[in-house]
Amino acid sequence: MKKQRKFPTIFRVIEAIGRVTFLEIVRDRILYNILVCALLLLILSFLASSMSYIRPERIILDFGLSAVVLSCCLVGVLTGAGLLTKEFERRTLYVALSHPITRTQFLLGKFAGLVAVILVNWVLLSAVYLLILSYVAEKTGVISETLGVGLLLGLIQSIMISSVAVFFSSFSTTSLSVMVSIGLYLTGSNISQLRLVATRLKSPAGAFSINALAAVLPNFEYFNLGTQVTYGLPVSWRFVGLSVLYGLVVVGFLLLLAGVFIQGREV
Amino acid sequence: MRTILEIDQVSQSFRAGFWMRQARVLNGVTLSVPEKSVFGFLGANGAGKTTLIHLISGLRKPTLGSVRVFGFDASSIQAKSRIGYLPERPYFYSYLTGEGLLRYFGALAGLTSAQIRARIPTVLSAVGMTESRKIELSRYSKGMLQRIGIAQALIHDPELLVLDEPMSGLDPLGRKEIRELILKLSSEGRTIFFSSHVIPDVEAICDQVALIQKGELVGCGPIGQFLSEGPIQIEIGFKSEENLDYAQWKEFDSVRRMSEGYRGIVGGQEAVNHVLAKLLKNKVQILWVNPIRSSLEDLFARTAK
C-alpha cells in the first residue's frame, strides 16, 4: 500500500476552505439583514433626494456610498468576529487540522471565504447604488472617477476591518471581538481628531501617548474620500495606490498575528 | 512486523481553572502499534483516550515525550498525510452534502479534483452511503454521520485509521455494521487504531488492546489475556417444578428467583460441573449456561493490582 503522498498547495487549501466558509456565511441570516438594511438606505436616499431642489444627486452620493461601505464593514465585523471562535466551539476544525495543512493556512482559507462574501455584497450594492445614481443624475454627470475610487477604497476598508475582527477572534470571544473591532473602526476613522486632541494637551507625555496611539491604530481615514466624492474632485493615483498598499499591509500584518495566536490555542 | 505508531513516554497537561493550574491528563504513556493490526484503546470516560488520539492525529503536541507515525512526528504534514481521523462526535459542517464534505476533505488531503471524483464513489460504497451522497449532513442520522465520517477518513486512502469511539451512540445493528466495516478495512491492509469504553466492541475485532486508566497505561496485549485473568463466574438459568431452597446449595455464590425460574451464579469450572449434575439429577430444566463477561471496572481493578 506504500504510495507517493502529495501535500496540498496553499492555494488549494485556501480555495477549499474559502469555498466552504463562503457557503457557511451566505446561510447566515445576519448577512441578509445587513443587505436589506443597506438596500433600504439606498432607497431612502433616493426618496430623500426627490424632496430636495438643490443638487439632489448629492444626497444619493453621500447616503449611498455610506450605505455600501457600512454594509460591507458590518458584514466583515459581524461574521469575521465569529469566524475562528465558531470553529473552535463547534470543533469543526478538528478533522480539517488532522489533514496535512497548517493552522495559518486554515485561517487564510477562512478569511478568503469572508472576503469573497464581502466582495459579492459590495458588487451587488454598488450595482444598485450606481443604478439609482445614474437614473437620478442623468444630466449632472455625478458618476465620476472619484466615485469609483471611493467605492474601491470602501471595499479595502471593509476587508481591513474584517482582518481586525478575525485577529481578535483568534484569541477572544465573538462578542468582545465585535465590540473592540467597532471601537477600533470608530477611532481609526477619526485619527486626525485624535492628533488634534494631542496638540491641545498641555502634558507632553499625554500628547506623546495620544500621538503614539494614533500612529499604531489602523487609520481608516485613508479610505474615506468624503467631500472629494460629493464634489467629484480628482484624487491622485499615488494616494489611491498608497492607501490600497497600506490596507493590504495592515491586513497581512493582522492575519500574521492571528496565525501566531491560533498556533497556541488549544483544541 | 513493522511498527508504524510509536508513543514514547507521552505526558499531556492542560491549563484549567481560574488560576490556570496545570492538570495532567496523560502520564508517561508508552505503546507501539504494529502494521496491519486492529488496535483497541480501552478506557473509561475521561481516562485520556481522546487526548491521546488528538496527539496521534497531530491536533496537539505532547507536553512531554514523543508520538511518531511512520517515523515522522505526528504533527508533521508527512505523518498527517498518511492518517485518516474520525472524531468522537462527527463535527462536520451541517450545510454540506455527503459528497460536498468528501470533496472538501479530499482537497485538504492533497488530492486533485480528478482524484477526488474517482475516490468518492469508492469510499461511499465502502461505507454504504452511495444513496445519501446528495443529502445535507443536517438531515443525517447518528449512524449516517459516523459512516460519512469514516468515508472522509478514507478519502485519501490512508495506511493508518485513527477512530475515536466509532461505535459511540449507535444502536446494536449500527455497532455491528461499524465493526464489520472496521474488519473489512483491516482486511485491505490498513492499520486501525480505535478507542472504546465497551469491552465486547473491542473484543470482537481487536488483535491487541491497550488499557488506560486515569491517564496511565495499565496494560497492553491481546484482549483474551486480560479477560481470562481473574476469577471465572458462570450464570446458570434453570426452571424447577419443586420448590427447593437453592440458595442453601453451597455450590452457588448467589441465587435469584425470576418469573420463569432461577438464576444462579457459580464460581469456577469444577463447581459448574457439580451444580449441573446436581440440577439434572433433580430433574431441573436448564435454560442457559453463560459465562459472565468481565466489566470494564473489573478489568481495570484487576490490571491495576
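These numbers come from the heavy atoms of this one structure, side chains and all, not from hydrogens, waters or symmetry mates.
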- Task: Considering only heavy atoms and a distance below 4.5 Å, find which of A/R27, A/Q105, A/R90 pairs most often with chain B.
- Result: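 Maximum pair count with chain B is reached by A/R27.
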- Item | Inter-residue atom distance B/L59.CG - A/S98.OG, 0.5 Å rounding |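 B/L59 atom CG to A/S98 atom OG measures 6.0 Å (nearest 0.5 Å).
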- Query: Could you give the distance from CG (A/L97) to NE2 (B/H54), rounded to the nearest 0.5 Å?
  - Reply: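 The CG atom of A/L97 sits 10.5 Å away from the NE2 atom of B/H54.
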[X] versus chain B, heavy atoms under 4.5 Å apart: side chain, backbone, both or neither?
| X | result |
| --- | --- |
| A/R91 | both |
| A/R103 | side chain |
| A/E24 | both |
| A/E87 | side chain |

Can you find a pair of side-chain heavy atoms, one from [X] and one from [Y], that are under 4.5 Å apart?
| X | Y | answer |
| --- | --- | --- |
| B/K80 | A/F7 | no |
| A/P8 | B/L108 | no |
| A/V95 | B/F92 | yes |
| A/V20 | B/Y93 | yes |

- Task: Would you check if there is a donor-acceptor pair between the side chains of B/E88 and A/Y94 at a distance under 3.5 Å?
- Result: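 No, no side-chain donor-acceptor contact under 3.5 Å.
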Give a yes or no on whether [X] atom [atom1] has more than 12 heavy-atom contacts from other residues, nucleotides or ligands under 6.0 Å away.
| X | atom1 | answer |
| --- | --- | --- |
| B/R89 | CZ | no |
| A/F11 | CZ | no |
| B/F70 | CZ | yes |
| A/R19 | CZ | no |
| A/F208 | CZ | no |
| B/F14 | CZ | yes |

- Task: Counting only heavy atoms closer than 4.5 Å, note whether B/L86 contacts chain A via side chain, backbone, both or neither.
- Result: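 Neither part; nothing is under 4.5 Å.
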- Message: Between B/T50 and chain A, with a heavy-atom cut-off of 4.5 Å, which part of the residue counts as in contact: side chain, backbone, both or neither?
- Response: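 Nothing of B/T50, per the 4.5 Å heavy-atom cut-off to chain A.
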- Message: Counting heavy-atom pairs under 4.5 Å with chain A, which one of B/A109, B/S75, B/G58 comes out on top?
- Response: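 Winner by heavy-atom pair count: B/A109.
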- Query: Highest number of heavy-atom pairs under 4.5 Å with chain A: which of B/S81, B/A107, B/S57, B/G110?
  - Reply: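 The candidate making the most pairs under 4.5 Å is B/S81.
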- Message: Looking at A/E15 and B/R103, is any side-chain nitrogen of the basic one under 4.0 Å from a carboxylate oxygen of the acidic one?
- Response: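 Looking at B/R103 and A/E15, the cut-off is not met.
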- Minimum heavy-atom distance between A/A96 and B/Y104, given as atom pair plus value: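 For A/A96 versus B/Y104, the nearest heavy atoms are CB-OH, 3.9 Å.
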- Message: To check you understand the geometry: which heavy-atom pair defines the closest contact between B/T112 and A/R12, and what is its length?
- Response: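 Shortest heavy-atom contact: C-NH2, 3.7 Å.
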- Answer yes if the ring centres of A/H99 and B/Y85 are under 6.0 angstrom apart, and no otherwise.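 No.
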